[in-house]
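Below: one structure, written as structure tokens.
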Amino acid sequence: MKTFSATPADIEKKWVVIDAEGVVLGRLASIVAMRLRGKHKPSFTPHMDCGDNVIVINADKIQLTGKKRTDKRFYWHTGFPGGIKNRTTGEILEGKYPERVLTLAVKRMLPGNRLSRQIMTNLRVYAGAEHPHEAQSPEVIDVKSMNKKNSREG
């Protein structure tokens, strides 16, 4: 039997929406990364963008385990001498762009190449419950019910 290799004509992209309210960050990010890459499909081809378009809502209500909200830090450099800066995850989630925590977690779960940068354009993360993609009639995926460890009260 020959190995199947998908071509652009074979790829069918669906739209899925995931509610992140009360879901643990790492578990959600791994599910989103798998969906974006297309590994959940039997026609997965490593060198093609065969994943789905993923919409994540309520990214500001995501949960973290342990002391990650206060102890986990994100670092960046301004480019000037001594210009290293950092913020805790809690500060980012309470700030202007709370969706960046989830976006960065998903980005770091994908390989660092051109295909991954193209795949990241299929991810849309929104802090609130509204999203402008109703016309695509996305399918709802309930991540909380997949595994009891996926959600956390807090």
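Nothing here was measured: the structure is a model prediction, and the numbers come from that model.
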I need the Ile92 CD1 to Glu99 CD distance, nearest 0.5 Å.
11.0 Å
Do Met34 and Leu36 share a hydrophobic cluster, counting only Ile, Leu, Val, Met, Phe, Trp and Tyr and linking them when any side-chain heavy atoms are less than 4.5 Å apart?
no
Non-hydrogen side-chain atoms of Arg124 and Tyr126 separated by less than 4.5 Å:
yes
Other residues, nucleotides and ligands only: do more than 12 of their heavy atoms fall within 6.0 Å of NZ on Lys107?
no
Report, as yes or no, whether the 6.0 Å neighbourhood of atom CZ on Arg87 holds more than 12 heavy atoms from other residues, nucleotides or ligands.
no
Taking atom types as modelled, is there a side-chain donor on Thr65 or Lys68 under 3.5 Å from an acceptor on the other?
yes
Rounded to the nearest 0.5 Å, what's the gap from CZ on Arg108 to OG on Ser116? Could you check?
14.0 Å
So, Arg35 and Asp52, do they make that salt bridge, N to O below 4.0 Å?
yes
If you measure from OG on Ser5 to CE on Met48, what distance do you get to the nearest 0.5 Å?
7.5 Å
In this structure, OG of Ser151 is separated from CD of Gln63 (nearest 0.5 Å) by 9.5 Å
Can a donor-acceptor pair be found, under 3.5 Å and without considering hydrogens, that links the side chain of Thr78 to the backbone of Phe80?
yes
Pairwise side-chain contact, Phe74 with Thr88, heavy-atom cut-off 4.5 Å (strictly under):
no
So does Ser43 get a backbone contact from the side chain of Thr45, meaning a donor-acceptor N/O pair under 3.5 Å?
yes
Ion pair present between Asp49 and Arg37, side-chain N to carboxylate O less than 4.0 angstrom?
no
Say whether Leu28 and Val101 are linked into one hydrophobic cluster, either directly or through other cluster members, by side-chain heavy-atom distances under 4.5 angstrom.
yes
Same apolar cluster: Ile18 and Ile119, side chain cutoff 4.5 Å
yes
The residue among Val56, Asp60, Val23 that forms side-chain contact (heavy atoms from CB on, under 4.5 Å) with Leu102 is Val56
Applying a strict under-4.5 Å side-chain criterion to I, L, V, M, F, W and Y, I'd like to know whether Val24 and Leu93 cluster together.
no
Could you state the interatomic distance from CD1 (Ile57) to CG (Asp19), rounded to the nearest 0.5 Å?
4.5 Å
Whether Lys72 side chain and Lys67 backbone form a donor-acceptor pair below 3.5 Å:
no
Would Ile141 and Val17 show up in the same hydrophobic cluster when neighbours are defined by side-chain heavy atoms closer than 4.5 Å?
no
Look up atom CD in Gln136 and atom NZ in Lys13, then write down how far apart they are to the nearest 0.5 Å.
13.0 Å
